Amino acid sequence: MKQTHGFRSRVAGLLGLLFLSGGCSLMPDDSEAASGGEARRTVKSIEDARVETREISSRVLDIVAVRGDVSEPGPGVDVCGDDPDSDVLYKMYHSWSVSGVARDVLEEGMGRARRDLPEEGWNIVEDGEKNNANRSPRILFENDEVEYAINMTLFGSADDPLLSVSLVSGCFRTPEGETVKGQF
């Protein structure tokens, strides 16, 4: 299994806890801790982040290039664990899946992602198998430039496979005057 450290390791940990906690991938330094971790976050409106998340997710689906049944939910907004009560810190997520095709077709889609996403600035953080009964193939990608990570996992047997893709951002800060309240 190939691994790197630093931001990538934090994002990989974040992806493992994607929906179990509200953690952020970037840890605040001492000056940020005093301000709730808001000082050094990328400033981005929630609507701009939604559009960006949708575009990244769509590009990943294009690269995977599997014509199957794609789940419908769109991008969502979540709290950042550094300061879950913050009115201005948030992260984006978008989880979707592809099913209804043979497992080898989904494996080929993962192979295209493995090959093509690094050409678009994505680093492979981990490439191996989950520690589960099926030894599900999993690839974790991250892109420092856009501050997003991807967890791509192939679940299920040959009879009922599912390619699961979870896209999650680091923590962003809203522009002055914008709040995350009511966005979840």
Side-chain angles (χ1 to χ4, degrees), residues 1-4 7-8 10-20 22-25 42 44-78 90-130 132 134-172 183-184:
M1 185 177 299
K2 183 167 122 178
Q3 289 188 312
T4 58
F7 176 74
R8 290 182 248 267
R10 288 190 299 273
V11 170
L14 169 67
L15 285 167
L17 299 172
L18 179 62
F19 295 107
L20 300 176
C24 292
S25 61
T42 298
K44 192 174 294 192
S45 76
I46 294 170
E47 186 54 34
D48 286 350
R50 278 188 212 279
V51 169
E52 179 180 53
T53 303
R54 191 174 291 113
E55 288 172 353
I56 292 170
S57 192
S58 179
R59 181 64 187 138
V60 172
L61 181 59
D62 289 346
I63 288 171
V64 169
V66 172
R67 300 215 184 265
D69 300 324
V70 179
S71 60
E72 292 295 324
V77 179
D78 202 357
Y90 69 98
K91 65 181 178 180
M92 298 299 300
Y93 65 90
H94 187 192
S95 294
W96 49 270
S97 62
V98 180
S99 61
V101 296
R103 185 177 178 90
D104 63 329
V105 172
L106 296 175
E107 288 171 347
E108 290 170 6
M110 283 186 83
R112 283 186 289 277
R114 182 182 291 112
R115 180 192 68 216
D116 295 350
L117 282 172
E119 294 176 7
E120 297 194 13
W122 293 90
N123 297 307
I124 296 175
V125 178
E126 290 184 28
D127 189 351
E129 298 175 333
K130 288 183 63 96
N132 62 9
N134 290 331
R135 306 297 298 169
S136 301
R138 176 176 75 166
I139 310 170
L140 300 178
F141 301 91
E142 73 104 63
N143 186 319
D144 291 337
E145 184 178 328
V146 294
E147 299 179 56
Y148 281 81
I150 301 166
N151 179 354
M152 185 176 293
T153 307
L154 180 56
F155 291 104
S157 65
D159 296 334
D160 191 25
L162 174 113
L163 181 62
S164 171
V165 177
S166 296
L167 175 69
V168 66
S169 73
C171 289
F172 298 129
Q183 298 291 325
F184 304 108

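None of these values were measured; they are calculated from a predicted model.
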For this session: Tell me, with the steps shown, if Val98 and Leu61 meet side-chain contact (heavy atoms from CB on, under 4.5 Å).
Result: CA-CA 9 Å; Val98 180; Leu61 181 59; 4.1 Å; yes

For this session: Apply side-chain contact (heavy atoms from CB on, under 4.5 Å) to the pair Lys44 and Glu52, showing each step before the final yes or no.
Result: CA-CA 10 Å; Lys44 192 174 294 192; Glu52 179 180 53; 2.6 Å; yes

For this session: Output, in order, the C-alpha distance, side-chain angles, deciding distance and verdict of side-chain contact (heavy atoms from CB on, under 4.5 Å) for Ile56 and Asn143.
Result: CA-CA 11 Å; Ile56 292 170; Asn143 186 319; over 6 Å; no

For this session: In sequence, state the C-alpha distance, the side-chain angles, and the governing distance for Val60 and Phe141, and then conclude on side-chain contact (heavy atoms from CB on, under 4.5 Å).
Result: CA-CA 11 Å; Val60 172; Phe141 301 91; over 6 Å; no

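The OG1 atom of Thr153 sits 12.0 Å away from atom CG of Leu106, with the distance rounded to the nearest 0.5 Å. The distance from the CZ atom of Arg138 to the CD atom of Glu129 is 11.0 Å, given to the nearest 0.5 Å. If you take CG on Asn151 and OG on Ser95, they are separated by 8.5 Å, rounding to the nearest 0.5 Å. Rounding to the nearest 0.5 Å places CZ of Arg114 at 9.5 Å from CD of Glu107. Atom OH in Tyr90 sits 6.0 Å away from atom OG in Ser45 (nearest 0.5 Å). A distance of 11.5 Å separates CD of Glu126 from CD1 of Ile139, quoted to the nearest 0.5 Å.
Contact check for Ser169 versus Glu147: no side-chain heavy atoms found under the 4.5 Å cut-off. Put simply, the side chain of Asp78 does not reach to within 4.5 Å of the side chain of Val168, judged on heavy atoms. Residues Arg50 and Val77 have side chains in contact (heavy-atom distance under 4.5 Å, counting atoms from C-beta outward).
Below 30°, between 30° and 60°, or above 60°: for Tyr148 and Phe172 the angle between ring planes is between 30° and 60°, a tilted geometry.
A donor-acceptor contact shorter than 3.5 Å links the side chain of Arg103 to the backbone of Gly156. Side-chain atoms of Asn123 never come within 3.5 Å of backbone atoms of Val125 as a donor-acceptor pair (strictly under, hydrogens ignored).
Under the rule for a side-chain hydrogen bond (donor to acceptor under 3.5 Å, both in side chains), Ser164 has no partner lying at least two apart in sequence or in another chain.
Shortest non-hydrogen contact noted between Met92 and Pro75 is CE-CB, 4.1 Å. Scanning all heavy atoms of the two residues, the minimum distance from Ala113 to Pro118 falls at O-CD, 3.6 Å. For Asp127 against Ile124, the heavy-atom pair with the smallest separation is CB-CG2, 3.8 Å.
Contacts classified as side-chain hydrogen bond (donor to acceptor under 3.5 Å, both in side chains) and involving residues 66-75 (residues at least two apart or in different chains) are not found.
Neither side chain, Thr53 nor His94, offers a donor N or O lying under 3.5 Å from an acceptor on the other.
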